[in-house]
Amino acid sequence: SQPLYAASGALNTAAYGYCPNWAAGEGRCRQDGTISFNTLMDPRTRMYGTGSRNRFGASVRGGNADVRFFFSGQFEDETGIISYNTQEKANIRANIDAKLSESVDASVSIGYTNSTLGLNSNDNSIFSPLIQGLLGLPFYLQPNDDGSVNASNYGFGFSIEDLSNLIAFQDTDRFTSSANLRWRPTSWLQFNANGGLDIANLHDYETLQPGKLPIAVSYARGYRQSQRSTAINYTAIFSGVGTFQLTDDVVSTTTVGTAYGQENSRNTYCYGSSLVPGTGSCGTAASLFDVDEDFFEVKTVGIYAQQELAWRDRVFFGASIRGDNTSTFGSDLGFQYFPSASVSWMLSEEEFFPDLSFLSAFRVRTAWGQAGLRPGFRQAVTLFSPTTVAVNGGDQPGVALSTTGNDLLKQETTTEIEFGFDAGLFGDRVSLDFTYYDKESQDALISRRLPGSLGLTTSVLQNLGSIRNWGTELSMRI
């Protein structure tokens with residue numbers, strides 16, 4: 001006979017108590033009724049709204065027989081279903097193709113992107129809007145005196161206004177460019193030169209003002225976390241292609257080339273607590289400092305050669321070899337070489353092949369080749385980490401072993417052989433591809449544990465073991 005809810009809208013705990021299903025099952029209490037409330041769906045408490053996305057763009061193209069150009073620009077403004085999940089993004093792109101002479105042409109491409117992304121907490125974070133709603137109360141609590149939503153409605157007691165104080169931002173500033181030069185000194189010879197540059201600057205940061213989310217000391221005092229990353233990648237590829245008519249039936253295509261790549265990355269990180277109210281810099285933090293800086297440079301040089309033969313445009317044979325050397329290899333290793341070969345035969349072009357109305361093309365093929373998976377940066381070298389050493393009652397800087405290197409570390413080599421066919425059906429309206437493959441990886445990169453008696457670290461990366469897998473693939477395109 002007592003009212004289920006008090007005047008505040010909360011459960012009338014003076015007359016009723018909670019009786020969860022597990023307690024009722026054990027006979028500890030009896031359920032007289034059930035109550036329910038969906039915090040995620042009720043318009044008075046739901047945190048999710050209607051997002052919006054605006055995109056504006058323009059482009060122009062033109063030119064003549066010798067010069068062609070294309071320019072485009074685009075701006076995006078997006079707000080997600082969480083009001084502070086936002087993104088602003090601008091893109092600019094330009095392409096120019098030019099015929100410099102009868103035997104030389106060039107192309108240049110440039111791209112630029114600038115964006116700011118704001119992300120809400122997610123997954124199992126206690127600051128996730130989804131978690132707040134899923135663990136919300138089964139009844140509705142009346143608003144606060146100022147009309148705002150009562151935060152006690154939510155699982156961890158944070159309203160959408162509270163959660164908006166903790167936003168993870170990422171600023172992106174990226175520039176890409178590439179250039180290609182093609183020279184045909186004769187009818188059978190062509191040289192290609194390609195170069196590329198990719199510069200990416202990322203800034204990931206998060207600022208919590210003091211007193212906004214007082215769940216722990218570092219949160220109550222506010223904090224600043226910032227990481228700046230700069231990655232600069234260079235690529236250069238040079239190749240020469242010669243095409244010869246060896247006989248009336250055989251065409252030969254020979255390709256030789258070299259490639260160079262360089263990856264550079266630099267990262268700086270800072271964290272600090274006890275933030276001066278209204279500021280957003282690690283320099284205004286007064287406690288719990290954490291600073292880190294790292295950088296790396298990886299260089300890779302490759303050489304390759306390829307020979308292809310085509311007989312009557314029906315039978316095709318190819319063989320190639322590639323050599324790579326990279327700074328991620330052990331210091332005692334040089335170039336590593338990876339050969340490959342392939343053969344294919346367009347059987348449907350032969351006179352002896354049966355004339356089937358539904359089969360428009362049929363090719364059989366086989367291939368064999370090797371490829372490598374290089375070690376990661378710094379996995380081949382021995383590294384030391386900074387530490388503090390007590391000397392004569394004072395602290396002195398020192399180093400301690402952190403990574404045990406391997407001077408013989410090399411690429412993990414995968415060898416694969418495959419057989420299959422390609423079929424065109426009903427005038428090539430339907431295509432059918434079948435492949436059987438057998439793949440085996442040798443010198444697998446595996447972290448091996450080391451005995452403590454060596455006085456080194458707990459593990460070292462070595463080339464150990466092998467991995468084999470095989471199977472079939474079937475695909476159909478209509």
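A quick note: this is a predicted structure, and the numbers were derived from the prediction, not measured. We're numbering straight along the sequence, starting at 1.
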Q) So, D173 and Y112: side-chain donor and acceptor under 3.5 Å apart, yes or no? A) yes
Q | K89/E78 salt bridge by N-O under 4.0 Å criterion | A | no
Q. Could you walk me through whether D433 and R477 pass the salt bridge (Lys or Arg N to Asp or Glu O under 4.0 Å) check?
A. CA-CA 9 Å; D433 301 333; R477 293 183 295 274; 2.9 Å; yes
Q. Considering residues, nucleotides and ligands other than D146, do more than 12 of their heavy atoms fall under 6.0 Å from its CG?
A. yes
**Q.** Main-chain N/O of K299 paired with S327 side-chain donor or acceptor, under 3.5 Å
**A.** yes
Q. Could you give the distance from CZ (F71) to CD1 (I96), rounded to the nearest 0.5 Å?
A. 4.5 Å
Q: Give a yes or no on whether W183 atom CH2 has more than 12 heavy-atom contacts from other residues, nucleotides or ligands under 6.0 Å away.
A: no
Q: Would you please test T86 and T79 for side chain to side chain donor-acceptor pair (under 3.5 Å) and show each step?
A: CA-CA 4 Å; T86 60; T79 300; over 6 Å; no
Q | Pairwise distance CG(L163) to OG(S125) - rounded to 0.5 angstrom | A | 8.5 Å
Q | Gap separating the SG atom of C29 from the CD atom of Q31, nearest 0.5 angstrom | A | 6.5 Å
Q: May I ask you to decide whether R468 forms a salt bridge with D438, counting only side-chain N to carboxylate O separations under 4.0 Å?
A: yes
Q) Are side-chain N/O atoms of Q227 and Q225 paired as donor and acceptor at under 3.5 Å? A) no
Q | OH-CZ distance between Y205 and F169, expressed to the nearest 0.5 angstrom | A | 5.5 Å
Q: Please say whether the positively charged group of R228, taken as NZ for Lys or CZ for Arg, lies over the ring of Y269, i.e. under 6.0 angstrom from the six-membered ring centre and within 45 degrees of the axis.
A: no
Q.
Measuring from atom CD1 of I126 to atom CD1 of I131, what distance do you get when rounded to the nearest 0.5 angstrom?
A. 10.5 Å
(Q) Determine whether Y260 and Q262 satisfy the following criterion, side chain to side chain donor-acceptor pair (under 3.5 Å), listing intermediate values before the conclusion. (A) CA-CA 7 Å; Y260 173 80; Q262 181 174 329; 2.6 Å; yes
Q. How are the rings of F158 and F127 set to each other: parallel, tilted or perpendicular (split at 30° and 60°)?
A. tilted
Q. Out of curiosity, F139 CZ to T39 OG1, how far, rounded to the nearest 0.5 Å?
A. 10.0 Å
